[in-house]
2 protein chains.
Amino acid sequence: MEGREFKDAAFEHFARAASAFGSPKRVEIIDLLAQGERAVESIAEVTGMSMANTSRHLQVLRSAGLVVGRRDGLHVRYRLAGESVREGYRALRALAEDRIAELGQLKAAFFGEVDGAEAIGIDELMARADRGEVMIVDVRPRLEYDSGHLPGAVSIPLEHLNAHLAEMDPETPVVAYCRGPYCVLSAHAVSQLRSRGVDARRLDGGPLEWSAAGLPLAAQA
Amino acid sequence: MEGREFKDAAFEHFARAASAFGSPKRVEIIDLLAQGERAVESIAEVTGMSMANTSRHLQVLRSAGLVVGRRDGLHVRYRLAGESVREGYRALRALAEDRIAELGQLKAAFFGEVDGAEAIGIDELMARADRGEVMIVDVRPRLEYDSGHLPGAVSIPLEHLNAHLAEMDPETPVVAYCRGPYCVLSAHAVSQLRSRGVDARRLDGGPLEWSAAGLPLAAQA
DNA sequence: TGAGTAATCGACTAACCACTTGATTAATTG
DNA sequence: CAATTAATCAAGTGGTTAGTCGATTACTCA
């Protein structure tokens with residue numbers, strides 16, 4: 001084998017792996033699966049794609065080795081194929097945030113418009129949570145909470161938020177989080193809470209970023 | 001702005017950044033630029049592409065924010081736009097090595113055929129170098145050596161290797177390295193040295209991996 | 001100022017990719 | 001076994017992209 005052949009083949013592999021991340025919808029799928037296993041139907045619903053198209057994208061991801069699927073009755077459930085995929089996604093995001101200025105503007109514009117409050121960072125949350133100064137609310141669907149959440153967080157899926165308003169102590173600030181820095185659930189939660197006079201802020205990050213910072217997650221409840 | 005709009009826009013940015021890595025030739029360019037600044041002509045030569053095509057790829061990388069160029073007389077010199085790009089490339093490589101089995105086979109087949117010796121890891125090299133047991137040889141072109149090399153390494157560009165055979169002490173094993181785990185220069189160096197009876201092995205990695213392991217590089221000489 | 005070199009641009013081609021629609025397969029439940 | 005639901009497959013279409021070739025621009029040096 002010649003040196004050029006070897007390099008071509010090796011870089012071809014790298015490029016194929018990168019191409020799997022090269023479609024917005026596939027990135028969204030990976031972002032979702034980073035929270036845990038999920039069936040095709042549910043992925044299609046969250047991403048707003050047709051079943052056929054979702055399935056197609058999942059095939060692409062699978063043949064690139066990024067996800068694996070298993071049959072479970074009528075459903076086929078997919079999950080990320082390993083820690084290196086999560087790590088790769090995190091690096092891609094860090095790269096984009098560092099190099100693409102529009103991304104920061106986009107984030108600021110959207111979150112400014114929706115919740116109108118500064119997000120809180122993981123470091124700050126950790127410090128204040130240790131001192132028992134905040135109530136941490138996980139607004140993701142229950143199943144995602146169960147598969148791993150921040151220690152001390154209570155599960156109040158966004159659609160049930162109004163029913164749980166009474167549980168909020170006006171003296172204690174609330175910190176809401178969802179799937180990560182690009183998930184919109186917590187922004188809507190914060191907006192709702194603030195319009196009712198609760199001192200609420202959004203965490204910039206989710207379980208993925210929390211555990212990437214070396215902090216432990218809690219399972220079940 | 002709607003939640004869906006926001007997500008579409010954000011994931012679109014991620015996908016565009018990933019797509020920039022989505023061509024084998026562009027990955028090779030990034031691999032090269034990870035060693036330091038380089039003019040278009042020289043990139044075209046190493047990668048075996050036409051000038052026009054190389055320039056085109058560099059435009060793509062530049063408009064994705066991964067590289068920056070500056071004019072220097074007749075030349076335009078490009079370099080990686082920041083540490084996050086290097087980090088992203090490293091994560092992509094780790095992902096591919098973890099998830100794509102063929103990559104490991106390819107590496108084993110090629111290096112087995114060319115140099116026929118086990119590569120040495122960074123940890124092992126560090127331990128043995130501390131004890132002064134090995135001679136470390138940097139076989140990259142001189143300019144790359146100057147822009148950063150392993151401490152204690154001597155520069156013997158591959159094409160001058162034969163002229164420096166006398167400097168090798170038969171009692172001291174030689175470790176050769178070049179640009180990284182996918183660079184073929186050191187494999188050829190090892191093959192030449194071994195055919196002349198020198199106990200030579202290839203380092204699995206280059207300056208990039210060395211400094212990613214938290215170890216310092218030396219500059220100039 | 002004119003010759004020479006490095007890089008870019010523009011036009012074109014062939015290959016590839018995302019997505020849609022409609023049909024098909026696989027498993028479950030009455 | 002028939003009906004239902006989840007997922008996949010097949011074919012077709014419009015849009016994008018890597019690469020080539022030839023022309024043009026940007027700069028240097030005699």
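From a predicted model like this one, the values you see are computed outputs, not experimental measurements. Here is how names work: the chains are called A, B, and so on, in the same order as the sequence lines, proteins then strands, and each is numbered from 1.
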Quick one: list whatever passes side chain to side chain donor-acceptor pair (under 3.5 Å) with B:Glu45, sequence neighbours left out. none
Can you establish whether the number of heavy atoms outside B:Glu113 located under 6.0 Å from its atom CD is more than 12? yes
Set of residues satisfying side chain to side chain donor-acceptor pair (under 3.5 Å) with respect to B:Asn53, sequence neighbours excluded: none
Sequence neighbours excluded, every pair satisfying salt bridge (charged side-chain N to carboxylate O under 4.0 Å, His left out) that has a member inside residues 154-164 of chain B: none
Sub-4.0 Å heavy-atom contacts from residues 55-70 of chain A onto DNA chain D, ordered by number: A:Ser55, A:Gln59
Would you list the pairs meeting salt bridge (charged side-chain N to carboxylate O under 4.0 Å, His left out) in which at least one residue belongs to residues 177-191 of chain B, sequence neighbours left out? B:Glu144-B:Arg179
Hey, does the side chain of B:Arg201 reach the backbone of B:Val174 with a donor-acceptor pair shorter than 3.5 angstrom? no
So which of residues 16-32 of chain B are in contact with DNA chain C, with a heavy-atom cut-off of under 4.0 Å? none
Do the charged groups of B:Arg86 and B:Asp31 touch, with an N to O distance under 4.0 Å? no
Rounded interatomic separation in angstrom, taking CE from B:Met51 and P from C:dT8: 7 Å
Quick one: what's the B/S/- string for nucleotides 21-30 of chain C, heavy-atom cutoff under 4.0 Å, read 5' to 3'? BB---SBS--
Short side-chain to backbone donor-acceptor contact, A:Lys25 and A:Met49, under 3.5 Å: no
A:Arg56, CZ atom: more than 12 neighbouring heavy atoms under 6.0 Å: no
Tell me, please, the opening and closing nucleotides of DNA chain D, 5' to 3', among those with an atom under 4.0 angstrom from a non-hydrogen atom of chain A. D:dT5 to D:dC9
Name all pairs fulfilling the ring-ring contact (aromatic ring centres under 6.0 Å, His included) condition that reach into residues 37-95 of chain B, sequence neighbours left out, sorted by first residue then second. none
Mind checking what makes side chain to side chain donor-acceptor pair (under 3.5 Å) contact with A:Ser42, not counting sequence neighbours? A:Arg38
For A:Arg4, which residues count as a side chain to side chain donor-acceptor pair (under 3.5 Å) partner, sequence neighbours excluded? A:Asp8, B:Glu28
For the pair made of CE in A:Met49 and P in C:dT20, what is the distance, rounded to whole Å? 9 Å
Is A:Arg77 atom CZ crowded by more than 12 heavy atoms from other residues, nucleotides or ligands, each under 6.0 Å away? yes
What are the residues of residues 3-15 of chain B, sorted by number, that bring a heavy atom to within less than 4.0 Å of DNA chain C? none
Does CD in A:Glu118 sit with more than 12 non-hydrogen atoms of other residues, nucleotides or ligands closer than 6.0 Å? no
Answer yes if the ring centres of A:Tyr182 and B:Phe14 are under 6.0 angstrom apart, and no otherwise. yes
